[in-house]
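Below: the structure, in structure tokens.
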Protein chains: 2
Amino acid sequence: MRVLVVEDERRMAAALQRGLQAEGFAVDLAHDGEQGLHEARHGDYDVVVLDIMLPRLSGYNVCKQLRAEENWVPILMLSAKDGEYDMADGLDLGADDYLTKPFSYVVLVARLRALLRRDSGRRPAVLAAGDLSLDPARRRVRRGERDVELTPREFALLEYLLRRRDEVVSKSEILEHVWDTFDTDPNVVEVYVGYLRRKIDAPFGRNALQTVRGAGYRLAGDGG
Amino acid sequence: MRVLVVEDERRMAAALQRGLQAEGFAVDLAHDGEQGLHEARHGDYDVVVLDIMLPRLSGYNVCKQLRAEENWVPILMLSAKDGEYDMADGLDLGADDYLTKPFSYVVLVARLRALLRRDSGRRPAVLAAGDLSLDPARRRVRRGERDVELTPREFALLEYLLRRRDEVVSKSEILEHVWDTFDTDPNVVEVYVGYLRRKIDAPFGRNALQTVRGAGYRLAGDGG
DNA sequence: CCGTGCGCTGAGAGCCCGCTGAGAACGCTG
DNA sequence: CAGCGTTCTCAGCGGGCTCTCAGCGCACGG
């Protein structure tokens, strides 16, 4: 999962980066509002952590601007507790959650995961393709009436493919979003696609997870 | 997807070309600002990667000129980080995104894809000629209501011909844009034209892909 | 009518892509 | 420490894809 942290104070930013990386996130940093706005627009992040007090452009305005552009990436706002800013304003502007400094990593990570799970509630809670369904919140996968057991990695892969169902997704895109790396041997994707097929397709005589030779994979929207 | 890379430094340009081709883009190169401007005007590209420091005409001016002509092709600017130029200026001039050298190659690809996704609303997403259609994003080709399976090379060839439908396209042009070489035996084009005809024309009793003896091929705009 | 040259096609060689089984490394639990 | 589940690497293989080549048909010009 890709996280953008917009925070001008270097030590705070570095600490957040280390902490979140330890939790398995891929973290990029922006050090002022303009850069943050730019990265959020173009960087394809799954969630944004946004400080309010920023040089050049405040977190408020970054958030406001993004929402004005119909960019609904989940945003978690951070503020000092000196009360100069009111967090309620942030929520009004379209932020999805907020935290007041100082906060603990544990809480931050928990909030982030919650945001990712519900994805701001703007998308359907359950991802589906035909009779294949995945519930991110309950971490549950079903094919028809039967539950399917997946490992964490298999689950993340299926979730990503379902979010982009009917599209052809390249192995490098998969590596970037599911493994949070890009210089890994793409063979690992092939291996996990194989695992998934053995669990969601083969036992049911289906073929949802299709190979597009020379391009990547496609999850058929009708469930195969 | 067609990408124009405007970059004077040969090694950089060659590396970008190879890398982007591996990701499935069709890449053309321009080596100075004037050539880049000319290609961008006439080349029908989906996105332009534009270095700022260029001989004869700077990337700034290429961008400014294109926008002045109401040409809204998505532009991603590249700059050295020596700070001589401020990227914000580039955005003011109408660029859609920027990256600072050195950048990771994967980030570049991700940004390009994001640009293409965002922009896909403006231009027709699918290329068509009569009841023959090709969707670059979903990597899908249809003749009427029937899906047609193509190999990567066949797909690239059909995409190129569709973009230039009703024009007579020479074999050397095809070699240059689809095979990215020019000293190859043109017979390979004949072979692949043959493959395509067997998949998109023969089974349907159609004749979209026409031979213009002594000149090249033409894809009939009405689908044959 | 024939000759020349262009384009078409079937056959086949080689290569590369993707799939898979085996197993090593790692962490967690009892 | 043993046992288990998960992740990932590696090597081998099978087959699809690409491209070459040679032979043939056909258009066009003499």
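In what follows, chains carry the letters A, B, and so on, assigned in the order in which the sequence lines appear, proteins first and then strands, with residues in each chain numbered from 1.
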Strictly below 4.0 Å: does [X] bring a side-chain N or O up to OP1 or OP2 of [N]?
X        : N      : answer
A/Trp179 : D/dC8  : yes
B/Thr151 : D/dT18 : yes
A/Thr211 : C/dC19 : yes
A/Lys171 : C/dC17 : no
A/Arg197 : C/dT20 : no
B/Arg198 : C/dG10 : yes

> Would you find a donor on one side and an acceptor on the other, under 3.5 Å apart, between the side chain of A/Asp201 and the backbone of A/Leu209?
Replying inline: yes
Report which part of the nucleic acid [X] touches: base, sugar-phosphate, or nothing (heavy-atom distance under 4.0 Å, all strands).
X        : result
A/Pro186 : nothing
B/Tyr217 : sugar-phosphate
B/Arg213 : base
A/Val191 : base
B/Asn187 : base

>> Are A/His42 and B/Tyr98, when compared by the centres of their aromatic rings, separated by less than 6.0 Å?
In response: no
> When only distance counts, do a donor and an acceptor, one from the side chain of B/Tyr195 and one from the base of D/dC19, lie under 3.5 Å apart?
Replying inline: yes
>> Within a 6.0 Å radius of atom CD on B/Glu149, are there more than 12 heavy atoms belonging to other residues, nucleotides or ligands?
In response: no
Could you give the [atom1]-to-[atom2] distance, from [X] to [N], as a whole number of Å?
X        : N      : atom1 : atom2 : answer
B/Lys199 : D/dG16 : NZ    : C1'   : 10 Å
B/Asp183 : D/dC19 : CG    : P     : 13 Å
A/Leu175 : D/dT7  : CG    : C1'   : 14 Å
B/Leu157 : D/dC19 : CG    : C1'   : 14 Å
B/Arg153 : C/dC16 : CZ    : C1'   : 13 Å
A/Leu196 : D/dT6  : CG    : C1'   : 14 Å
B/Leu209 : C/dT9  : CG    : P     : 11 Å
A/Asp185 : D/dT7  : CG    : P     : 17 Å

> So is A/Arg139 actually on top of A/Phe155's ring, under 6.0 Å and inside 45° of the axis?
Replying inline: yes
> Which sits closer to the 5' end of DNA chain C, B/Gly194 or A/Gly194, going by the nucleotide each is nearest to?
Replying inline: B/Gly194
> Using the ring of each side chain (for Trp, its six-membered ring), is A/His177 parallel, tilted or perpendicular to A/Tyr160, with breaks at 30° and 60°?
Replying inline: parallel
>> Any carboxylate oxygen within less than 4.0 angstrom of a Lys/Arg side-chain nitrogen, looking at A/Arg41 and A/Glu69?
In response: yes
Go through [options] for me and flag the one nearest to the [X] side chain.
X        : options               : value
B/Pro152 : D/dC17, C/dC8, D/dT7  : D/dC17
B/Tyr192 : C/dG18, D/dT18, C/dC8 : D/dT18
A/Glu190 : D/dT7, C/dG7, C/dC19  : C/dC19

